[in-house]
Structures are given as structure tokens and as C-alpha cells.
Amino acid sequence: AQKITQTQPGMFVQEKEAVTLDCTYDTSDPSYGLFWYKQPSSGEMIFLIYQGSYDQQNATEGRYSLNFQKARKSANLVISASQLGDSAMYFCAMRPLNAGNNRKLIWGLGTSLAVNP
Amino acid sequence: SQTIHQWPATLVQPVGSPLSLECTVEGTSNPNLYWYRQAAGRGLQLLFYSVGIGQISSEVPQNLSASRPQDRQFILSSKKLLLSDSGFYLCAWSDGQGSETQYFGPGTRLLVL
């Protein structure tokens, strides 16, 4: 069965420091995509970063990078130089890429990040 | 650039009343469209998705329904709301290509009393 596990319900980080949010996944599909989203208190779900299972390099988008370890089935999000505005819920999600009409994203339960000044 | 709109932003409805939530996308054509529900403190649950006008796939059997009367319009409806329908409803779109990253609207907070 496909599953996303985020083991950290809550995390704290000091402003300007880096933080890693964990995500492990389980899938039998040979080709899949991994996504991270940010949900601030306003509720909007904001796309941060994407990693394809066959991508040779780890994805990076500004201060966000994805530490993709395929053998371990982990796709951790690294936020560098944390800012107060990074305080939010962070969700990891996965979707098979060669599944015809199956466009269903599998979601984790999220990690709440609080950035302290 | 593409934008996605949802309204209303918040809604308080009595049990048994009807519901209509609307989502529209601008700046793209033939998007895939999605309705999600998020209960308090929980992850997202996919309710419906659509790959074209009039094409609706239901993920969870319930008293909700969805319609896509126009290419960039997606409507979530109910004839009679239940208390359990309370939650945060998010609409999303994707371009149906490559990674098919889903981009979300601002959401509607629904409270059924």
C-alpha cells in the first residue's frame, strides 16, 4: 500500500538556523513524484518543491532543498536560514507517475514548524 | 500566470441545508481540477477530481457531489449538509503534464451547526 509518514508532529527552530523535516514513503510503483507543501495559518496550501524518483540530483528551490534517499525511501525537506514566516504546517505528498488516470496524491499528516526569534 | 479562486471564504450553515462551493481557474485551459477536504488537525482527503467538462471521479462515497459545467469551473454541492461535513475545503488544479503539480486555492472554511 502507498503511504507517507511524517514522524515529527511538531518542530522548533531558531531563526536563521536550518531545519530538516522528515518524510518517509512506501510505494511499489517504479516511478513516482514527491511533493512538499506549506500551509500557513491562513489555510492556503502552497507548493514548495518537487522531486521525481528518477531525478539524478536532489531538488532545490531557493532556501528549500529536498534530501532524497531512494534506497531509504525518504524525502526530507531542508529549510535553510529559517525565517519567522516559515512557521506553518508542512505536508509531504507522493503520486505515482505512470498510473494512467490515477492522479491521487497520497498525503502525510504534516509537521508543524515554529520558528523562534 | 495562473490563479485559482474559491468562494466563499467562510460559511456557517445549519444541518440539512444545501451547499454550493465554487472554484474557478484563470490563465490555463483544460486543467485537471480537484476538491479536497481537510478536517481540523488532519491531512487532506481527496473528494473529487475532474479531467474535463462533465467528467467527475468520486473518491469517497458521501452526501457531496461535484460538477464541472465549464472548463475552468468546479463546483462542490450538497443537498443536505451533515455535521460531519464541517471542515476546510480546498480546490486545486494541475496541468495534466509531467509532475502534475497541484496548485491550491485559498480554501473555504465550512461550519455546519
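Naming: A, B, ... by sequence-line order, numbering from 1 per chain.
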Under 4.5 Å from any heavy atom of chain B - which part of A:Gln6: neither
Minimum side-chain heavy-atom gap B:Leu90-A:Gln39 below 4.5 Å: yes
Inter-chain contacts: residues 40-62 of chain A against chain B, heavy atoms under 4.5 Å: A:Ser41, A:Ser42, A:Gly43, A:Glu44, A:Met45, A:Phe47, A:Tyr50
same_hphob_cluster(B:Tyr103, B:Leu76) at 4.5 Å side-chain heavy-atom cutoff: yes
Single-linkage hydrophobic cluster B:Leu19~B:Val15, side-chain heavy atoms < 4.5 angstrom: yes
Sequence-distant partners of B:Glu26, side-chain contact (heavy atoms from CB on, under 4.5 Å), two or more places apart: B:Thr3, B:His5
Side-chain heavy atoms of A:Lys104 within contact of B:Tyr34, under 4.5 Å: no
Distance in Å, B:Thr101 OG1 paired with A:Phe35 CZ, rounded so as to fall on 0.5 Å steps: 4.5 Å
Toward chain B, the part of A:Tyr37 with a non-hydrogen atom under 4.5 Å: side chain
Residues, nucleotides or ligands: over 12 heavy atoms within 6.0 Å of A:Lys70 NZ: yes
Same apolar cluster: B:Val25 and B:Val51, side chain cutoff 4.5 Å: yes
Contact check, side chains of A:Trp107 and B:Gln38, non-hydrogen atoms, under 4.5 Å: no
Verify same cluster id: A:Leu77, A:Ile106 (apolar side-chain graph, 4.5 Å): yes
B:Leu21 reachable from B:Phe74 in the ILVMFWY side-chain graph, under 4.5 Å edges: yes
Contact listing (chain A partner; residues 105-113 of chain B; heavy atom under 4.5 Å): B:Gly105, B:Pro106, B:Arg109
Chain B contact residues among residues 11-26 of chain A, heavy-atom distance under 4.5 Å: none
